Asks: 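This structure is in structure tokens; I'll ask about it shortly.
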Amino acid sequence: MSSSTSSSDAKAQRRIFARIFLTVSLGMGIALALVQGLVMALGAGSSSLLGRVIEARDAIPQIVDEPQELVMMFGSSMTGAGFSPREFDLAVAERGGSVKSFNFGFGGLNPLFQDYLARRIREDFEASDRRLKLVMIEFNPFQTTVSRRNLQRPLEESYVALLASPAELADFTLDDPESGLRMSLIRYLRDGISAEMITTFLWGEPFRAPRSDDGVDFERDEAAEERLREVLRVLGEKFSEEYPDFDGSDWYYPWQGGGTVKTERSAETLELFEEYYDLITSDYRMAVDRLDRVESADIEELHFDAELVAAFVRVVENFKAISDNVEIIMLPKNTDWIKNPPEALARQAEAIRQIEAETALPVRDFQVIEPVSNDMFSDTTHLNRYQGAVAFTEFLVERYAELLTQPAPN
């Protein structure tokens, strides 16, 4: 009798546990579905957050199969805006060389994230026994600050989960099971979106009107803003007319990760761009952009994060393993709007000394160069497409043409 009762109790307990398990699983499934629904409603996800990065990473096997000598420029969104790979290749060809270059400039990647991307590039190049003739690696001071690191801490698990290899995720799990399992869930079940990312997006800092250094508010010109919307509409139509085969990629292989080039655009389009550049560089818009850079990245005071500086060194070391020539460069700076006090420049110099000592490579300071003027920027940091990027790309060709036109050793 007691044996029968014990068996019945055990069955009852198993049923209770099964119900609890099913209830918890159902609740977690519903919660996951709600999160995914919110993410979709916000237009977020790995394809929107890291779409350009993922597309470029997926293109590496095709890149290593190219027959020409390979050149890459690797860096931030300043690289993305400021380097025109197709124009670079044409200018090198005019000087007797033959290279195919690629723009690996990505917004939102501090050196910690860049390190993981550089590892993936290195793996694919080594697997194919291929090397880069030249890699130009951008050192971006304001992407290497404490403020930038703090701003992106809610993104770290998501970005690392998407950029790390399965083996690296397994190592994370062994070292820190809670963090490793959470990153695996983010990668495989949540499309790269962590809970911290959602709360950061929903409860961001409110907008504050910009002020000049003497405390005067900059005023928004509503008529200019309305004209800008009209110009953007027409430019969108022109783009569709002039590039009917464009597939909408964030990193478009036929353009080698770069953008459009001036010779492909109509005279009417280029005239509109002149007006567009004037409209987007109004004092109000530039002041807003500067304020954002100051608050989000400490672009003027430049308090560097030691871990990010170390991560940048690792980026360089990864490229040294697969490149015949490695150049560390600093891109042009809009000195009309970004002014660093002496103390900030001293901190920058110390960070550069550390990078040079640990990589055994010089850092080329191209922040102020004669071919690029401050009216060639589209905001306080990025070069515009048909003036700044053209001038800076030509400057790089002149700088590295002799290296790239040398015959390959026997």
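Quantities reported herein were computed from a predicted structural model and do not represent experimental measurements.
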Asks: What residues, two or more places apart in sequence or in another chain, satisfy side-chain hydrogen bond (donor to acceptor under 3.5 Å, both in side chains) together with Glu230?
Replies: Arg233
Asks: For the residue pair Gln387 and Asp375, what are the closest heavy atoms and their distance?
Replies: OE1-O, 3.5 Å
Asks: Hey, are the side chains of Phe392 and Ile369 touching, using non-hydrogen atoms and a 4.5 Å cut-off?
Replies: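 Side chain of Phe392 against side chain of Ile369, heavy atoms only: contact under 4.5 Å found.
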Asks: For the ring pair Tyr253 and Phe102, is the centre-to-centre distance below 6.0 Å?
Replies: yes
Asks: Applying salt bridge (Lys or Arg N to Asp or Glu O under 4.0 Å) as the test, list every pair that has at least one member in residues 385-394; sequence neighbours left out.
Replies: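 Residue pairs with at least one partner in residues 385-394: Arg95-Glu394.
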Asks: I want to check something: taking the side chain as every heavy atom from C-beta on, are Ile137 and Phe312 in contact at a cut-off of under 4.5 Å?
Replies: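 Side chain of Ile137 against side chain of Phe312, heavy atoms only: contact under 4.5 Å found.
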Asks: Holding to side-chain contact (heavy atoms from CB on, under 4.5 Å), I want the full list of residues that pass it with Asp124, two or more places apart in sequence or in another chain.
Replies: Ile60, Pro61
Asks: Would the distance check show the side chain of Ser101 and the main-chain N or O of Pro85 forming a donor-acceptor pair, the cut-off being under 3.5 Å?
Replies: yes
Asks: Would you say the side-chain atoms of Thr335 and Asn374 include a donor-acceptor pair closer than 3.5 Å?
Replies: yes
Asks: If the condition is side-chain contact (heavy atoms from CB on, under 4.5 Å), which residues does Asn340 pass it with, not counting sequence neighbours?
Replies: Glu300, Leu302, Lys333, Ile338, Ala344, Leu345
Asks: Strictly distance-based, threshold 3.5 Å: is any side-chain N or O of Thr359 a donor or acceptor partner for the main-chain N or O of Leu361?
Replies: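 Side chain of Thr359 to backbone of Leu361: a pair is present.
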Asks: So how far is it from Arg285 CZ to Asp221 CG, rounded to the nearest 0.5 Å?
Replies: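 Rounded to the nearest 0.5 Å, the CZ-CG separation comes to 11.0 Å.
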Asks: Mind listing the closest non-hydrogen atom pair of Thr405 and Gly96 along with its distance?
Replies: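 Heavy atoms of Thr405 and Gly96 come nearest at CG2-C, 4.1 Å.
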Asks: Checking the side chain of Thr145 only, and the main-chain atoms of Ala297 only, is there a donor and an acceptor separated by less than 3.5 Å?
Replies: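 Yes: the side chain of Thr145 pairs with the backbone of Ala297.
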Asks: With side-chain contact (heavy atoms from CB on, under 4.5 Å) as the criterion, how do Met73 and Phe88 come out once you've worked through the C-alpha distance, each side chain's angles and the decisive distance to 0.1 Å?
Replies: CA-CA 11 Å; Met73 188 160 176; Phe88 184 90; over 6 Å; no
Asks: Checking Asp298 now: which residues fulfil side-chain hydrogen bond (donor to acceptor under 3.5 Å, both in side chains) with it, not counting sequence neighbours?
Replies: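 Here the qualifying residues are His303.
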Asks: Is the closest side-chain heavy-atom distance between Phe113 and Glu156 below 4.5 Å?
Replies: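 Result yes, sub-4.5 Å side-chain heavy-atom pair found.
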Asks: In terms of side-chain geometry, is the basic nitrogen of Glu356 or Arg353 positioned less than 4.0 Å from the acidic oxygen of its partner?
Replies: no
Asks: Closer than 4.0 angstrom, basic N to acidic O: yes or no for Arg120 and Glu168?
Replies: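 Yes, this pair counts.
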Asks: Test side-chain contact (heavy atoms from CB on, under 4.5 Å) on Gln68 and Val99 and set out the steps.
Replies: CA-CA 5 Å; Gln68 302 101 317; Val99 300; 5.5 Å; no
Asks: Measure the acute angle between the ring planes of Phe74 and Phe106, then classify it against the limits of 30° and 60° as parallel, tilted or perpendicular.
Replies: perpendicular
Asks: Can you name the side-chain contact (heavy atoms from CB on, under 4.5 Å) partners of Asp365, sequence neighbours left out?
Replies: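 For Asp365 the side-chain contact (heavy atoms from CB on, under 4.5 Å) partners, ignoring immediate neighbours, are Met330, Gln367.
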Asks: Is there a side-chain contact (heavy atoms from CB on, under 4.5 Å) between Asp65 and Gln62 once you walk through the steps?
Replies: CA-CA 5 Å; Asp65 285 338; Gln62 186 176 353; 5.8 Å; no
Asks: Are any of the side-chain heavy atoms of Tyr386 and Thr269 separated by less than 4.5 Å?
Replies: no
Asks: Roughly how far apart are Asn103 CG and Tyr252 OH, rounded to 0.5 Å?
Replies: 15.5 Å
Asks: Can you list everything that forms a salt bridge (Lys or Arg N to Asp or Glu O under 4.0 Å) with Glu307? Sequence neighbours excluded, please.
Replies: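 So Glu307 forms a salt bridge (Lys or Arg N to Asp or Glu O under 4.0 Å) with Arg149.
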Asks: Can Glu138 and Thr79 be counted as having a side-chain donor-acceptor contact under 3.5 angstrom?
Replies: yes
Asks: Quick check: does any side chain N or O of Tyr116 sit under 3.5 Å from a backbone N or O of Tyr159, one acting as donor and the other as acceptor?
Replies: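 No; judged by distance alone, with no hydrogens or angles, the pair does not exist.
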Asks: Would you please say whether a donor-acceptor pair under 3.5 Å links the side chains of Gln256 and Asp89?
Replies: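 Side chains of Gln256 and Asp89: pair found under 3.5 Å.
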Asks: Evaluate whether atom CG of Asp129 has more than 12 neighbouring non-hydrogen atoms of other residues, nucleotides or ligands under 6.0 angstrom away.
Replies: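 No, CG of Asp129 has 12 or fewer neighbouring heavy atoms, counting only those of other groups under 6.0 Å.
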Asks: Counting distance only, does the side-chain N/O of Asn110 pair as donor-acceptor with the main-chain N or O of Gln143 below 3.5 Å?
Replies: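 It does not hold such a pair.
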Asks: With sequence neighbours excluded, give me every salt bridge (Lys or Arg N to Asp or Glu O under 4.0 Å) pair touching residues 257-268.
Replies: Arg86-Glu264, Lys238-Glu268, Glu242-Arg265
Asks: Check whether any side-chain N or O of Trp337 sits under 3.5 Å from a backbone N or O of Asp379 as a donor-acceptor pair, and report yes or no.
Replies: no
Asks: Can you tell me if Glu398 has over 12 outside heavy atoms packed within less than 6.0 Å of its CD?
Replies: yes
Asks: Do Leu70 and Ile63 touch side chain to side chain, with heavy atoms closer than 4.5 Å?
Replies: yes
Asks: Shortest non-hydrogen contact from Val313 to Glu358?
Replies: CG2-OE1, 3.7 Å
Asks: Less than 4.5 Å apart, any side-chain heavy atom of Leu50 and any of Leu109?
Replies: yes
Asks: Give the minimum heavy-atom separation between Leu383 and Gly388, together with the two atoms involved.
Replies: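 For Leu383 and Gly388, the tightest heavy-atom pair comes out as CD1-O, 3.7 Å.
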Asks: Do the ring planes of Phe239 and Trp255 sit parallel (below 30°), tilted (30 to 60°) or perpendicular (above 60°)?
Replies: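 Judged by the thresholds at 30° and 60°, the geometry between Phe239 and Trp255 is perpendicular.
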Asks: Out of curiosity, Leu162 CG to Glu157 CD, how far, rounded to the nearest 0.5 Å?
Replies: 12.0 Å
Asks: Measure the CG-CD distance between Leu134 and Glu69 for me, rounded to the nearest 0.5 Å.
Replies: 10.5 Å
Asks: Going from CG on Leu291 to OG1 on Thr380, what distance comes out if it is rounded to the nearest 0.5 angstrom?
Replies: 10.0 Å
Asks: How close do Met286 and Ile280 get, heavy atom to heavy atom, and via which atoms?
Replies: SD-O, 4.4 Å
Asks: Write down the atom of Val71, the atom of Met136, and the distance for their closest heavy-atom approach.
Replies: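 Minimum heavy-atom contact is CG1-CE, 3.9 Å.
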Asks: Are any of the side-chain heavy atoms of Pro141 and Phe304 separated by less than 4.5 Å?
Replies: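 Answer yes - side chains close enough.
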Asks: Thinking salt bridges, do Glu55 and Arg52 make one under a 4.0 Å N-O criterion?
Replies: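 Between Arg52 and Glu55 there is no salt bridge, as every charged N stays at least 4.0 Å from the carboxylate O atoms.
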Asks: Who passes side-chain contact (heavy atoms from CB on, under 4.5 Å) against Glu343, sequence neighbours left out?
Replies: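 Residues passing side-chain contact (heavy atoms from CB on, under 4.5 Å) with Glu343: Pro341, Arg347.
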Asks: Does the pair Phe139 and Thr144 meet the rule for a side-chain contact (heavy atoms from CB on, under 4.5 Å), with working shown?
Replies: CA-CA 9 Å; Phe139 173 58; Thr144 319; 3.6 Å; yes
Asks: My understanding is that only residues two or more places apart in sequence, or in another chain, count here; which of them pass side-chain hydrogen bond (donor to acceptor under 3.5 Å, both in side chains) with Glu327?
Replies: Arg364, Tyr400
Asks: Got Pro332 and Phe377 here, is their nearest side-chain heavy-atom distance under 4.5 Å?
Replies: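 The answer is yes, as the side chains (C-beta and beyond) meet within the 4.5 Å cut-off.
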Asks: Kindly write out the residues that satisfy salt bridge (Lys or Arg N to Asp or Glu O under 4.0 Å) with Asp115, not counting sequence neighbours, or none if the list is empty.
Replies: Arg119, Arg314
Asks: Using only heavy-atom distances, determine whether the side chains of Ser378 and Tyr276 contain a donor-acceptor pair under 3.5 Å.
Replies: no
Asks: If the condition is side-chain hydrogen bond (donor to acceptor under 3.5 Å, both in side chains), which residues does Asp292 pass it with, not counting sequence neighbours?
Replies: none
